[in-house]
Number of protein chains: 2
Amino acid sequence: MYQMLDHTDISILKILQENARLTNQEIAEKLHKTASPIHRRIKRLEDDGFIKRYVAVLDPQKIDRGLMAFTHVQLKDHSKDSLSLFEQAIIRLPEVLECYHMTGMYDFILKVAVKDLAAYHEFLMHELFGIMAIGSVQTTLVMKQSKHEGAFPITIPQQPFPSAHKTD
Amino acid sequence: MYQMLDHTDISILKILQENARLTNQEIAEKLHKTASPIHRRIKRLEDDGFIKRYVAVLDPQKIDRGLMAFTHVQLKDHSKDSLSLFEQAIIRLPEVLECYHMTGMYDFILKVAVKDLAAYHEFLMHELFGIMAIGSVQTTLVMKQSKHEGAFPITIPQQPFPSAHKTD
DNA sequence: GTTGAAATACAGACGCG
DNA sequence: CGCGTCTGTATTTCAAC
């Protein structure tokens, strides 16, 4: 089991989700603390697995990935072979940013990023439709992204025994 | 207009998308260079807007966001008022990680992260269904994520005049 | 949570190819 | 024009308090 997070930990995680390039000292100033304890806390958050990794966010437009689409896929059947065949094939496609195995109407939802509609057509024809397990595909295109990705809202996991002695 | 990316820039971007915590020196070793030019190139990639920001990726399970859902929304009508009303309301909901305005069958696709099904029910009943502009909603739940998010595939944007004198 | 010291990385300068 | 060596500065990191 993992340690409980206190209010300072939550604040650190929120800050790091927005901007992981801040120095410990800058984070410390925001929280009215000093760099050392911030550093220890971040190290612990990493070691305990709360922070999985740090990534750079690129501008899709500038690297010719300006068109994003959600591709909803139904397989021909739900055999174990079809599922693993599909997943194996999808993982190799660079246009597929994310692949989710879903409950409900669709078997998979893919988040796809390509240069333009021509490139998406190319992707469907030469990549996706070549996968044998595919039954039907429905596409919706992203016109506008209203909320940016990546940041999870953080609340304190159920805290049955609030510590009365937190110096924070 | 922005500068063209060469092979070293592409490599740097790929590395930084996977692990933004590597030091310039570590990146330099991977690319058989020294830290100085790497540092200069990263600075330029930031200044030119290729790299928008750096973020920490958290473990959804550990912060009680283990259930992810895609919520497909159709509005009652497509008036300008309905659209902006919906977007304004959505932005305030912490459970909504991403919000896309779509073409096609649905008006919006929301990526929602909550603790469990009970929390999702709560989210629908007390948050989403409270928005007046909402027409209908269809949910699919994520059972498994096959491909991780965030990393764009990078190719060299159309290179009409390949430089013959690249020292790289 | 604080202080202080050593190791390391950053962010310029400069000269070289 | 980009690379590499060098330099001062800031930051990280680890110790003891």
Side-chain angles (χ1 to χ4, degrees), chain A residues 2-58 62-63 156 159 162-168, chain B residues 1-58 154 156-168:
Chain A
Y2 51 81
Q3 279 287 113
M4 207 63 93
L5 300 177
D6 69 6
H7 180 263
T8 304
D9 292 319
I10 306 277
S11 299
I12 291 174
L13 289 177
K14 282 182 180 172
I15 290 171
L16 254 26
Q17 274 194 127
E18 294 300 322
N19 184 359
R21 260 285 158 107
L22 291 178
T23 65
N24 293 342
Q25 199 163 322
E26 288 170 315
I27 297 170
E29 282 166 17
K30 283 177 187 283
L31 304 180
H32 307 292
K33 299 209 185 309
T34 56
S36 257
I38 299 296
H39 173 256
R40 259 199 302 259
R41 280 169 181 272
I42 292 177
K43 191 109 182 59
R44 189 172 61 72
L45 290 168
E46 291 168 356
D47 293 343
D48 291 353
F50 286 93
I51 299 171
K52 285 164 72 179
R53 57 192 219 280
Y54 298 87
V55 301
V57 179
L58 307 189
K62 298 223 171 189
I63 54 172
I156 299 186
Q159 204 155 357
S163 161
H165 298 309
K166 273 276 151 67
T167 58
D168 195 24
Chain B
M1 190 51 183
Y2 50 84
Q3 280 288 112
M4 206 62 97
L5 300 177
D6 68 6
H7 179 264
T8 304
D9 292 318
I10 305 278
S11 300
I12 291 173
L13 288 177
K14 282 182 179 170
I15 290 171
L16 253 27
Q17 274 194 127
E18 295 299 321
N19 184 358
R21 261 282 158 113
L22 291 178
T23 64
N24 292 341
Q25 196 163 323
E26 289 170 314
I27 297 171
E29 284 164 16
K30 283 178 188 283
L31 304 181
H32 306 292
K33 297 210 187 311
T34 57
S36 255
I38 301 297
H39 175 256
R40 264 193 299 259
R41 280 168 180 271
I42 292 177
K43 191 105 181 61
R44 188 171 61 73
L45 289 168
E46 290 168 356
D47 292 343
D48 290 354
F50 286 92
I51 299 171
K52 285 165 73 180
R53 58 193 217 280
Y54 299 87
V55 302
V57 179
L58 307 189
I154 310 170
I156 300 186
Q158 69 283 356
Q159 204 155 0
F161 299 107
S163 162
H165 299 307
K166 273 278 151 64
T167 58
D168 198 21

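Proteins get letters first, then strands, A, B, ... in listed order; numbering begins at 1 in each.
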Between atom [atom1] in [X] and atom [atom2] in [N], what is the gap in whole Å?
X       : N      : atom1 : atom2 : result
B:Arg44 : D:dC1  : CZ    : P     : 13 Å
B:Asp47 : C:dA11 : CG    : C1'   : 12 Å
A:Ile38 : D:dT11 : CD1   : C1'   : 15 Å
A:Leu31 : C:dG1  : CG    : P     : 10 Å
A:Leu22 : D:dA10 : CG    : C1'   : 15 Å
B:Ile42 : D:dC3  : CD1   : P     : 12 Å

Heavy atoms only: give me the nearest [X]-[Y] pair and the separation to one decimal.
X       : Y       : value
B:Glu46 : A:Arg21 : OE2-NH1, 3.3 Å
B:Ser11 : B:Leu31 : CB-CD2, 3.6 Å
A:Val55 : B:Glu18 : CG1-O, 4.1 Å
A:Ala35 : A:Ala28 : N-CB, 3.7 Å

Quick one: which of D:dC3, D:dG4, C:dC10 gets closest to the side chain of B:Arg41? D:dC3
From C-beta outward on B:Thr23, which listed nucleotide comes closest to its side chain: D:dT5, C:dC10, D:dT11? C:dC10
Estimated bend of the helix from C:dG1-D:dC17 to C:dG17-D:dC1 (axis per five terminal pairs, rounded to 10 degrees): 30°
Please identify which of these residues, A:Leu22, A:Ile10, A:Ile38, meets the side chain to side chain contact (heavy atoms under 4.5 Å, CB included) condition with A:Ile15. A:Leu22
With respect to B:Ile42, which candidate in B:Asp9, B:Asp47, B:Ile12 satisfies the side chain to side chain contact (heavy atoms under 4.5 Å, CB included) definition? B:Ile12
Kindly say whether A:Phe50 contributes a backbone atom to a donor-acceptor pair with the side chain of A:Asp48 at under 3.5 angstrom?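 Checking the backbone N and O of A:Phe50 against the side chain of A:Asp48, no donor-acceptor pair under 3.5 Å is found.
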Between A:Gln25 and B:Pro37, which has a closest nucleotide on DNA chain D that is more 5'?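 Whichever sits nearer the 5' end wins; that is B:Pro37.
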Under 3.5 Å, N/O pairs linking protein and nucleotides 13-17 of chain D:
from   : atom 1 : to      : atom 2 : distance (Å)
D:dT13 : OP2    : A:His39 : NE2    : 3.0
D:dC14 : N4     : A:Ser36 : OG     : 3.1

Under a 4.5 Å cut-off applied to non-hydrogen side-chain atoms, are A:Lys62 and B:Leu45 in contact?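 SC-SC contact between A:Lys62 and B:Leu45 ruled out.
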Side chain to side chain contact (heavy atoms under 4.5 Å, CB included) between B:Ile27 and B:Leu16: does it pass, once the steps are laid out? CA-CA 9 Å; B:Ile27 297 171; B:Leu16 253 27; 3.6 Å; yes
